[in-house]
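Sequence lines set the chain letters: A, B, ... in the order given, protein chains first and strands last, and positions in each chain run from 1. Hydrogens, waters and symmetry mates are skipped; everything else that's a heavy atom, side chains included, is used.
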Amino acid sequence: MSLSKAELAATVARDIPHGAYVNLGIGQPTMVADHLAPDRGVVLHTENGMLGMGRAAVGDEIDPDLINAGKVPVTQPPGAVYFHHADSFAMMRGGHLDVCVLGAFQVSARGDLANWHTGEPGAIPAVGGAMDLAIGAKQVFVMMTLFTRDGTPKLVPECTYPLTGLRCVSRVYTELGVFEIEEGGVRVRETFGITPAELQTRLDIELLQDRP
Amino acid sequence: MSLSKAELAATVARDIPHGAYVNLGIGQPTMVADHLAPDRGVVLHTENGMLGMGRAAVGDEIDPDLINAGKVPVTQPPGAVYFHHADSFAMMRGGHLDVCVLGAFQVSARGDLANWHTGEPGAIPAVGGAMDLAIGAKQVFVMMTLFTRDGTPKLVPECTYPLTGLRCVSRVYTELGVFEIEEGGVRVRETFGITPAELQTRLDIELLQDRP
Amino acid sequence: MAGFYDSADAAVAGITDGSTILVGGFGSAGQPVELIDALRRLGARDLTVVSNNAGNGDFGLAALLTAGQVRKMVCSFPRQSDSWVFDELYRAGKIELEVVPQGNLAERMRAAGAGIGAFFGPTGVGTPLAEGKEQRTIDGRQYVLEYPIRGDIALIKAHRSDRMGNLVYRKTARNFGPVMATAATTTVVQVGEIVPTGDLDPEAVVTPGIFVDRVVEIR
Amino acid sequence: MAGFYDSADAAVAGITDGSTILVGGFGSAGQPVELIDALRRLGARDLTVVSNNAGNGDFGLAALLTAGQVRKMVCSFPRQSDSWVFDELYRAGKIELEVVPQGNLAERMRAAGAGIGAFFGPTGVGTPLAEGKEQRTIDGRQYVLEYPIRGDIALIKAHRSDRMGNLVYRKTARNFGPVMATAATTTVVQVGEIVPTGDLDPEAVVTPGIFVDRVVEIR
């Protein structure tokens, strides 16, 4: 069986090291937080100026001055700290975060990321922190469906959408499999409800199938 | 009568605008603080990370964690704030201070400053914050004796000592006169116990004598 | 030395047509709505506004856009679920847009405030937003040369000010405020409360008063 | 994630010969004397030490120099009234010295921590300390290109830490600590007190725990 969105989020969460500093991009990556048990000691960064971010706020907890990068109200657990935007992005760009988890339109076989712009003529460009996040962690995990709705692969030889970052993705999590971007190519780490051989037939990139 | 050191400090203090943010370099410039009445609202910066620095600490006030750039214990008046070294120097280099008052070995007619190194072969070089202070304020005032002990002028056509900063001095306060460094040359602003004409005979630079 | 004003209108007086205005806030958090409203009433036009977003709903920055006072937006993320005012102006060709990655926006304003002439940053290498920019490889890594972004005016919101203009912020409403305060010729701040000098913890002040020119209390 | 150690010796264990060590402090204020003493006992040699000064009296950094463990000092102001240890080594040709303007020292470490590849700074233009460096005129002002200073290890002193490694400092002892914490691969901190997580004001933390690797309480 291919993974549900919740299962995919749980799979990403499983691979985040104990005590890691992590930024979860807006959208689907936010769901990873639901699968990080407190005893894992994972510390969440939100680029609008907070480390140690808590869960989504509910009811009386909602405070318009306390939001995440997706502008969703969150909570302040013990040990949380605040800083300004330049310090927050210096923290990212300086490579201090262990993991960023991002969504994507496309990832190339060498780890190029496209996730900010579809390149459509009428679209209003909006990059936010995407380009900083793409280069802002020791490891960048992408969470996405492996195919678009019309069946086109999103793990591709070369991105056709405008790039967010060059050679920045370390791992790609999809409903059908987890892929490691290595120097020599893309390695299949695990598959869900499909064999590696079947996966190979549906993708335009050469998959490395076995750990050396 | 030429000015005493205390009178010179009072003269510099007189010319600091109400409410100005000021850095007083170590050594003689520190004395300016004694002549800044509290109602002048002048706020002192010390580059080791404090704005709103108080007077020298005495007796029980002495706290080894609370010192000025000369490593002298000082006090913390209401409204004082602390910041780290990068923020402190960003404040200076960004041109936010109104006035820096510095000592000097030499100042050139176009405002070059030499105050960090005598250039002697055996001397251990030590620049500290001098080069940052030299370019770190809207106006840089120099306080110095006009002549060395052997009578050589310190306001010179070209500095012979290694430079601290280029074209950075706006005004020079000495025991014999105050000099304004202008685009067109050095203007005598006031003299003490000597006539401008006499001063001219003792200096190797052309003095502009009258306000245009 | 910070000056204290009785109203937002008094605090923004004198802002001229054609100014570049740095506007604090990330979405609504930290957005200095009352100062922006006063700028709208002042009527200054042909403005360049630097802000992370391009307005939310019909208030604050969005209302300033509606009034036609803004020639150009410099921001990282104009397109939001409630950015219909900007979207319509942009599609009608009535407003210019310069998109800057969020970290570059912050770091370029920091550079302006810190006297940095330019810096080689890692963000955007190989992307359309780095096209035409000087690039350099340093220690095996590629960088893009970025220049400071300066403002004539910064409009920001803080939590408290003392009478020296020292500021503290509140939670993630801090965001761009401290950086913008350093990057503008004149920094105008709306605060929730003005407290006596000495009441703020000297270790906890985020923006020293040297960066603050005008303060107005908006409760 | 910050680790907590029972002694200064345990906290500095593993520092190897040839390391570049960033050492906090401005004179004695903020100097992590107990960590430096532990480094001396550890015996690592051939060190490059980056610190504002080159030691005071016969203790701390000065004692490390006396022990002959430091090959090179990078600092802004080695020469002080009580820097006789350094002075003697320097005049005897037993230690190298690189003098860096104090603001460049701070900003270059900040650049290392912030992922900046290099920056054009205003300090030192036209002086001997800018000789041989790339220069550029930007917007009519001259600048010198400065590169990051990175450390393998930072040894710093803070006032308090919580169990997340979040740090607050005390008065002007803050100085280089927060910048060095960002610029080193491994940051070791001696604090006066470790407090329970939640006891520090989240608005007043200066160094977030992400920059802190090892903490030891030295009362």
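- Looking at heavy atoms from C-beta onward, Phe120(C) lies in side-chain contact with Phe120(D) at the 4.5 angstrom threshold.
- Using a 4.5 Å cut-off between heavy atoms, Gln142(C) makes no contact with chain D at all.
- The existence of a salt bridge linking Arg160(D) and Glu203(C) is excluded, since no basic side-chain nitrogen approaches an acidic carboxylate oxygen closer than 4.0 Å.
- Contact between Ile116(C) and Tyr143(D) at its shortest, heavy atoms only, is C-CE2, 4.3 Å.
- Highest contact tally toward chain D, considering only Ala118(C), Gly115(C), Ala204(C), is held by Ala118(C) [criterion: heavy-atom pairs under 4.5 Å].
- When heavy atoms are compared at a cutoff of 4.5 Å, Tyr169(C) approaches chain D solely by way of its backbone atoms N, CA, C and O.
- Chain D forms more heavy-atom pairs under 4.5 Å with one residue of Arg141(C), Glu146(C), Lys171(C), His159(C) than with any other, namely Lys171(C).
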